[in-house]
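Note on naming: letters A, B, ... go to the chains in the order of the sequence lines (proteins, then strands), and numbering restarts at 1 for each one.
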Amino acid sequence: MTDTLPKQYDPSAVEMRWAREWIESGCFNASEVDGRPAFSIVIPPPNITGTLHMGHALTLTIQDIFVRYKRMSGFNTLWLPGTDHAGIATQMVVERDLKRQGLSRHQIGREAFIEKVWQWKDKHGNRISEQTRALGASVDWRHERFTMDEGLSKAVREVFVRLHEDGLIYRDLRLINWCPRCQTALSDLEVDLEPTAGQLWTIAYPVAGRQRRLAVATTRPETMLGDTAVAVHPEDERYRDLVGQQVELPLTGRRIPIIADAELVDPEFGTGCVKVTPAHDFNDFDTGRRHGLETISVIDTSGRMTDEAGAEFAGLDRFAAREKVLARLQEQDLLVNTEEYQVELSRCQRCREIVEPLLSKQWFVKVEPLARPAIEAVEQGRTVFIPRHWEKVYFEWMHNIRDWCISRQLWWGHRIPAWFCPCGGTVVARQAPERCPRCGNQQLEQDEDVLDTWFSSALWPFSTLGWPERTRLLETFYPTSLMETGFDIIFFWVARMMMMGLRFMGEVPFRTVYLHAMVRDAQGQKMSKTKGNVIDPLQVSEQSGADALRFTLASLTAQGRDIKLSTERVEGYRHFINKIWNAARFTLMNLGDFQPGAPARPGQRSLYDRWILTRTSRTVERVRQALDGYKINEACSSLYNFFWRELCDWYLELVKPTLAGEGGAEARAECQRVLVRVLDTALRLLHPFTPFVSEEIWQKLPLVREAGSYLATADFPRAGDLQRDEEAERAVQLLIDAVTGVRNIRGENNLPPGKPLTAHLLSADAEVRAVLEQHAGTIANLARLEELVVGQPGQRPARAAVYVAEKLEVCVPMTGLVDFGAERQRLEKELKKIDGERRRSQGKLANDKFLARAPAEVVAKEKEKLAEFEARMEKLKRALEQLQQWSAEES
RNA sequence: AGGCGCGUAGCUCAGGGGGAGAGCGCUACCUUGACACGGUAGAGGUCGGCGGUUCGAAACCGCCCGCGCCUACCA
């Protein structure tokens, strides 16, 4: 016996080594031309500013499980990594750096600033990629991409130009969301609504030439300076006569019309009159367009009042202006009411600043024509969402989609390929044009703006594969097989990839979208730096090992539910990893004379060998089925249960004597072979989940294999590789029941574990008795018996504790004092339980309708169950009677 | 306001028309030939409530109660 492994598994010594070796050996390299079926995933590119958090750990774990599973199942597998330039976030980070040096980006200029960002990226932008390696992600680093790479930038220009040619990209002066702090336009999605305590003010607007005032309510009184109408409902009797008249807009001296609009106005709400500010409110903007109203911008891009707001207010911050407007109205007795009111504030997703709707000339994508095919593709099942219910969310958004504002007033990003000529002409082109096609002028200026980061992300599944070139990689791996990401970016990303993929590749970007849940802390709170409840995956990984973290995340990934993570849980699965290690340790300790190449001798196989082989086969089937159905947690629990409960708890215990040579050299040799075979299979099954420990052990196993082969690229087991053997399953179940019965009696009667006992195993079934007799030695060994008697039910020993199993009775004669009370209680409890089952079963069988309508096999099974319950009850009753008798004799 | 999801053992959650499950925790015992990061045994549940469908419901349907999340332009 050689003890080659330490008692405790130390992941830190193992993980870095394999992470490096797999990559160096090319295990994860995809092949561009290959006869094998392709399987591909493009990684959802994390921001270069980011560091790895639990969400990344989860998505990487899930993707890696599928990628390794498919790779081992013979697919030509590409998992393509990369990062995202994250326009606003990255620009903010670099600007902050500059600020520390007392500089602003405007001081150093655009070119120098972009240079700085690249420097920053070179220095810090790889951090997340390195962290990805540490988790064991089996990505093909040769194909790593960055959204600002030349190739991807070319794809962005190509898409922009083509969409523009097709009339799907246009430039227009419209109301957009503007962040006064970031100084850029935002799309609807980049704005978060936040319920906030505010006020609702009611202001009186005097009707021109009458003694009447119209009361309008507003949450933003400062915008009244830009009002260009007051709207009422066309059917509102109260105001019908006023439509077409004017009001005198307070504080401005302007006269504005009273209009009727059924869409904007709900006559039931408030006074039924609405102030209309087309330049600062989305509803009002639409109303303005319907009625041809003037737009007056009274707030500028920094959130200050413009000259249009009037001399008194110009230059004031929007919130200061609000106070001043209210004060002035108060003085004029035009503020008729103030009440507390819950308002939804729009905030910038990046910096939390209150977003301002502003009139601005921006580039937009006309989305509806792109959305239609993207909707159809999911309707037709060409792309399937998992869990399925997310499809509804996707449809809901796609059906109500609005045009996408894609220009950003930033410097870091893909510059918009549009050039303006002083003559008023605009050229959209792949390359900088030399002269204006309209007037020939050579003084063209490129648009200052860049594109929304999500614009380039939308192209990710094909731009990363080389598009617009028709590369081998693209031909082989598009459409990708799986998109694994968080449900929170269905709209931002998944939907947009669908639209762009269909438009430019003519086919969906991915066949399946697997949306994972959010990782929360143990209390179910969202993890956040401010709350301080963040669990850092790298720290956990250092403490417990990446395998333990991965297995934990995978086990908790039930479809459609948030993951509540705690370090205690990871600890628990670390124990599982250690269990795997120790099973291997035990195995290796018993393989001193093992000959890997020697032919198997199935004739030498024991019942236990046959049993573990068939159990392994079932596990293979379960794991495959679970993975094929995207049920990762089910795969995990099958593996956990098999490895710990079946392999370690029973098989290893059953064969210890054989391995010790008690059954002879041949039996030992075959047992070794089976053990190696089973462990090999288990490691293959485990590998996608716990790649490090499985590879480490596998390399130590004495297997016949080519030099330089890796578990990472070994074959994933198939259920048919191993023999099914129901007879062995039934027989071992008898042994398990017998052993458990003795242990139960021992535990319940407080008999010390070391105390040798005598047990009688009784069964009316001769076959059962034969199995028990054959394996009496094993039972005695595991149950710590000094004597074992197999007999018929009538041969119950005197003064014995009884345990009634399904097919046999276990009796242990009690020497010394028997606690009759406790023993009776135990039996009565068991009796009551079985009686409940029996009655339920009997009730069913007494029901004619059940007999008539239930499927025949259900009825047959029910009859079997009833017979079994009755038999067990009979035994229990007899045991109780005897107990009664002994008890009487005793006293 | 609509939509979606969730209420199962003390905790975290699987399961899902035909004998209530796991992990952790808890109790008792144990240095038994890999593992105390271990072993053995045990306690613990009107499967949120009420109706309905069914021979049969924890599961399917409806309503209700709680808890989350997402979407939305009510001034």
Side-chain angles (χ1 to χ4, degrees), chain A residues 1 3 5 7-9 193 200 202 216-220 231 263-266 268-277 281-287 341 344 387 389-390 392-393 396-397 400 487-488 490-491 518 522 524 544 555-556 558 560-566 568-569 571-590 631 633-634 637 640-641 648-649 652-653 656-657 659-660 739-740 743-748 750-754 781-782 784 826 836-837 840-841 843-844 847-855 857-859 861-862 865 868-869:
Chain A
M1 239 190 240
D3 188 354
L5 304 188
K7 278 168 93 164
Q8 279 161 26
Y9 174 61
L193 288 181
L200 183 68
T202 307
V216 299
T218 181
T219 56
R220 298 202 58 195
E263 225 172 295
L264 180 71
V265 183
D266 171 7
E268 305 293 317
F269 185 89
T271 59
C273 301
V274 186
K275 66 191 272 303
V276 184
T277 323
D281 181 282
F282 287 97
N283 290 319
D284 295 3
F285 181 77
D286 294 342
T287 309
Y341 198 74
E344 298 281 337
H389 66 254
W390 288 111
K392 205 167 170 181
V393 176
E396 181 64 23
W397 190 71
N400 299 306
F487 61 81
D488 50 328
I490 291 182
F491 308 143
M518 182 170 284
S544 306
S555 296
L556 298 181
R561 205 197 279 242
D562 285 346
I563 294 172
K564 289 184 196 164
L565 186 72
S566 64
E568 288 80 11
R569 225 159 231 268
E571 272 301 281
Y573 286 111
R574 198 189 106 221
H575 297 170
F576 177 53
I577 304 297
N578 197 53
K579 191 76 178 176
I580 297 170
W581 181 254
N582 272 288
R585 178 168 180 261
F586 172 78
T587 302
L588 293 172
M589 284 165 79
N590 283 286
K631 295 182 176 174
N633 59 319
E634 281 183 23
S637 68
Y640 186 99
N641 198 52
C648 291
D649 287 355
L652 293 185
E653 296 303 328
K656 273 177 182 174
L659 287 172
V739 172
T740 304
R743 285 172 175 171
N744 177 283
I745 289 169
R746 200 187 276 277
E748 292 288 291
N750 284 323
L751 301 171
N781 185 39
L782 292 183
R784 309 196 128 234
R826 188 176 69 82
E837 309 265 26
R840 200 191 38 73
S841 192
K844 270 189 176 182
N847 185 341
D848 292 340
K849 286 181 181 166
F850 173 72
L851 297 174
R853 298 193 197 179
E857 69 261 26
V858 172
V859 175
K861 198 182 166 198
E862 201 60 48
K865 283 195 301 199
E868 183 211 321
F869 293 143

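At least one side-chain heavy atom of R826(A) sits under 4.5 Å from a side-chain heavy atom of N744(A).
Base pairing analysis places G5(B) opposite C67(B); the two distances defining the Watson-Crick or G-U wobble pair are each below 3.5 Å. The pairing partner recorded for G51(B) is C61(B), the criterion being a Watson-Crick or G-U wobble arrangement whose two distances lie under 3.5 angstrom.
With rounding to whole Å, H575(A) atom NE2 is found 10 Å from A36(B) atom C1'. Distance OH (Y640(A)) to P (C24(B)): 5 Å, rounded to an integer number of Å. Protein atom CZ of F576(A) is 18 Å distant from nucleotide atom P of C35(B), rounded to whole Å. Distance F269(A) CZ to A1(B) P: 14 Å, rounded to the nearest Å. The CG-P distance, from L193(A) to A72(B), rounds to 7 Å in whole Å.
Not a single donor-acceptor pair, N or O on each side, falls under 3.5 Å between the base of C4(B) and the side chain of K392(A). The base of A34(B) lies outside donor-acceptor range of the side chain of K7(A), with no N or O pair under 3.5 Å.
Ring pair F576(A)/Y640(A) is tilted by interplanar angle, where 30° to 60° counts as tilted.
For R585(A), the side-chain atoms get nearest to A34(B) when compared with the rest of U12(B), A41(B), A34(B). Relative to the side chain of N582(A), the nucleotides G19(B), A34(B), C13(B) differ in distance, and A34(B) lies closest.
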